[in-house]
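Step one of this worksheet: look at the structure below.
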Protein chains: 2
Amino acid sequence: MNTFARSSYISIKDIAKAAGVSHATVSRALQSSSLVKPETAQRIREIAQRFGYRPNFVGRSLATQRTQTIGVVVNAIADPIVAEMVSGVEAVARAHDYSVYLANCHADPETEMRVVQSFHERRVDGILVAASRVGALYEPIAAQMRTPIILINNQHPSSYKYSVNINSIPGSREAVGHLVALGHRDIAYIGDRFGYQTDLDRFSGYRQALELAGIAAREEWIVHGDGKLEGGTLAMRKLLDLPALPSAVFCYNDMTAIGALRVIHEHSLRVPQDISLAGFDDLFLASYTEPPLTTVRQPKHEMGRMATEILLRILAGEDSDARTEVKGELIVRASTAPPRA
Amino acid sequence: MNTFARSSYISIKDIAKAAGVSHATVSRALQSSSLVKPETAQRIREIAQRFGYRPNFVGRSLATQRTQTIGVVVNAIADPIVAEMVSGVEAVARAHDYSVYLANCHADPETEMRVVQSFHERRVDGILVAASRVGALYEPIAAQMRTPIILINNQHPSSYKYSVNINSIPGSREAVGHLVALGHRDIAYIGDRFGYQTDLDRFSGYRQALELAGIAAREEWIVHGDGKLEGGTLAMRKLLDLPALPSAVFCYNDMTAIGALRVIHEHSLRVPQDISLAGFDDLFLASYTEPPLTTVRQPKHEMGRMATEILLRILAGEDSDARTEVKGELIVRASTAPPRA
DNA sequence: CTCGATCTTGCAAACGTGTTCATAAAAAAT
DNA sequence: ATTTTTTATGAACACGTTTGCAAGATCGAG
């Protein structure tokens, strides 16, 4: 046995006894209710201070039916995009005296729902799910649990009542449009076969930009990675093995682009002289690759903040639908240039 | 008002009424206590199932004085090392049915302690602090709170009872030794002026390796960044402005090294032909820089896991001191080579 | 001095669960 | 058939807080 065995903490009753009042009065005094005489309140607060009293949130939660806690479920904590989002969530949560539970679901829908259930059992006030694979299927569940669920970048092909999504279409259209404007006509796309809705959208933007320029898409220039660096390398290898090389490559995300960049260098080709390269997300890293990467900035931190603010608003009793959409901003760096003549 | 207004959930009492037993029996049935007749238990479980009953952890926590929750406080959620550690923590926590609170303290000791307090008020069963600026000062606090605190990479110059630290000295000594073995004698160090204990240790290892080789350290080749990429660039510029250039640079961490790498390239120098470069941490990125970075691997995920396991052991009643130390492993990649003749 | 109005306070119930203790019922032993 | 033992159950309290209600205290006006 060690020294951390639970034994009685000092509670509101202890200081009630010490102050010679009822514990109800102590409770009121500590929340500076106007129902208690100022001097008594002061005296009680001093005693509480002296005793080192700290309120017990568990008891309070049981009484108030509120835990001041929100649960966040993500696919992979260590993913830089996710980490940024969570950082945004945590910032506004703490600013409003909420704590945040963090849990991983490894992109598995069943685990995702199990985690949501576990959050519910802990009676979180609200739940945030990033890159949900469950999407609008939550609507009945949230209603039954009486717990609001907000989705960030819903990956299920459904429109959910409360969500913050990045609309990838204009961003990728703009990125590919930028390549077209530079004079490229042979533009490849490296997608993410696990990217679900997001991959579809980015591919959509790619196609729209080509159509707008009257360029026919070429089947063999559409390949897929896994959204991670490795996948980018494999996909880029496939492209470089082709008889006809594209002069530019638009990638599902920065990680994919970084993988592609590496393979391009391995083949002694130069970016952007031989091949232009663009990504999506604007990871911290993107500005530090060789050359710095042209990409579409996804406001990760911001999106975490927005989702949390929506949640807090719902918890405050407002009931506006909140299908918020953000757009990416094209950031032109050194990895894109006109094609060789 | 929206649909998420709190109103009564179904509780153990509801299904007690439905089953025609007391709520005590239901409680027992649901934790499969041997005190209740198997058939009754079965019947109760079925009714609970049908009612969609989910236990309320708040009530349970109040009764058991346990929340099955651990709090994690970190300096910056989005820091890749931190994210990896948290990922390790979450994995073992969830495997043992613990939930984890995550909070940021932005490397500010006061915020750090405030967060610890807030975790205590929520009656977490234990607390993990990564890169604490408070260190052993927690000993009395943890005792008073009756809540175990485990430190990961304690940054306070004090030895704390429960901690998992990386001992940077052998790792950096090995890294610099590797440079020496390659034939380098002019080796610079780029430190982290906010690195506290860790910076001291890595510098120590550097000096020991030099001493071992009978090389005198040169004041002007010891510069400091901020542990981040930007700091690395500034520090490297300072080195490159010197009349006498080092032939190798050992960096406080990979981020610093990546910054340095960038500046070296800007000056049209090559790594490793002109300058060898080594880092510390083995970030995911380190193997994807140009050239891949020689570095010392810090087992981030592992350290998160270990700390959590220690915590769980303490919570199970064991009371062994646990000053665990891990070592880094030198990973030789392409950024180090013999100096030019 | 009395009466109503206004403060201040305590009592008790509530929140949802776990747990101890006593007792009833059933089973086993005599 | 009676006593002892075992098993199953419920009543009651505990956990720490909030809160509606009522009672008591205080005060000012008449």
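All values reported here derive from a predicted model rather than from experimental measurement. Every chain is numbered from 1, with letters handed out A, B, ... down the list of sequences.
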N165(A) side chain to E325(A) backbone, donor-acceptor under 3.5 Å: no
Counting the atoms with a prime plus P, OP1 and OP2 as sugar-phosphate, which does S34(B) contact under 4.0 Å by heavy atoms, base, sugar-phosphate, or nothing? sugar-phosphate
Sequence neighbours left out, what pairs pass ring-ring contact (aromatic ring centres under 6.0 Å, His included) with at least one residue falling in residues 83-117 of chain B? Y101(A)-Y101(B), Y101(B)-F119(B)
Please collect all salt bridge (Lys or Arg N to Asp or Glu O under 4.0 Å) contacts where either partner lies in residues 79-104 of chain A, sequence neighbours excluded, each pair once. E90(A)-R94(A)
Look at R60(B) and dG18(C) and indicate whether a side-chain polar atom (N or O) is within less than 4.0 Å of OP1 or OP2. yes
Could you go through N56(A) and S11(A), starting from their C-alpha distance and side-chain angles, then the distance that decides it, and tell me whether this counts as side chain to side chain contact (heavy atoms under 4.5 Å, CB included)? CA-CA 8 Å; N56(A) 180 330; S11(A) 84; over 6 Å; no
Rounded to 10 degrees, the angle between the two terminal axes of the helix from dC1(C)-dG30(D) to dT30(C)-dA1(D), each from five pairs: 50°
Test side chain to side chain donor-acceptor pair (under 3.5 Å) applied to T69(B) and R122(B), step by step: CA-CA 9 Å; T69(B) 297; R122(B) 297 180 118 91; over 6 Å; no
Quick one about Q298(B) and N153(B) (side-chain donor to acceptor, distance below 3.5 Å, no hydrogens or angles considered), yes or no? yes
Decide if atom CD of Q49(B) counts as having more than 12 heavy atoms of other residues, nucleotides or ligands within a radius under 6.0 Å. no
Give each protein N/O atom lying under 3.5 Å from an N/O atom of nucleotides 22-27 of chain D, with the pair distance.
none

Of all of residues 19-29 of chain A, which get a heavy atom below 4.0 angstrom from DNA chain D, listed by number? H23(A), A24(A), S27(A), R28(A)
More than 12 heavy atoms of other residues, nucleotides or ligands under 6.0 Å from CD of Q144(B): yes or no? no
Of all the choices, dT17(C), dT8(C), dT18(D), which nucleotide is nearest to the side chain of P38(A) once you look at every atom? dT8(C)
Just wondering, more than 12 heavy atoms not from E110(B) lying within 6.0 Å of its CD? no
Could you go through the side chain to side chain donor-acceptor pair (under 3.5 Å) check for R323(A) and S159(A) one step at a time? CA-CA 8 Å; R323(A) 262 172 264 254; S159(A) 178; 2.8 Å; yes
With the side chain defined as heavy atoms from C-beta on, I12(B) is closest, among dT9(C), dG18(C), dC15(D), to dG18(C)
Let me spell it out: for each of L35(A) and K13(A), pick the nucleotide of DNA chain D with the closest heavy atom. Which residue's pick is nearer the 5' end? K13(A)
Which heavy atom in I44(B) sits nearest to a heavy atom in A19(B), and how many Å separate them? CG1-CB, 4.2 Å
Answer yes or no: does a side-chain N or O of Q65(A) lie under 4.0 Å from OP1 or OP2 of dT18(D)? no
Short side-chain N/O contact from Y9(A) to OP1 or OP2 of dT17(D), under 4.0 Å: no
For Q197(B) versus N154(B), what's the shortest heavy-atom pair and its separation? CB-O, 4.2 Å
Using a heavy-atom cut-off of under 4.0 Å over every strand shown, decide if S61(A) touches base, sugar-phosphate, or nothing. nothing
Would you call E46(A) and R43(A) a salt bridge, taking side-chain N to carboxylate O under 4.0 Å as the test? no
Taking T308(A) for the side chain and G304(A) for the main chain, is one N or O donor matched with an acceptor at less than 3.5 Å? yes
Per-nt protein contacts along nucleotides 22-27 of chain C (heavy atom under 4.0 Å; B base, S backbone sugar-phosphate only, - none) come out as ------
Scan V58(B) against the nucleic acid and name what it touches under 4.0 Å (heavy atoms): base, sugar-phosphate only, or nothing. nothing
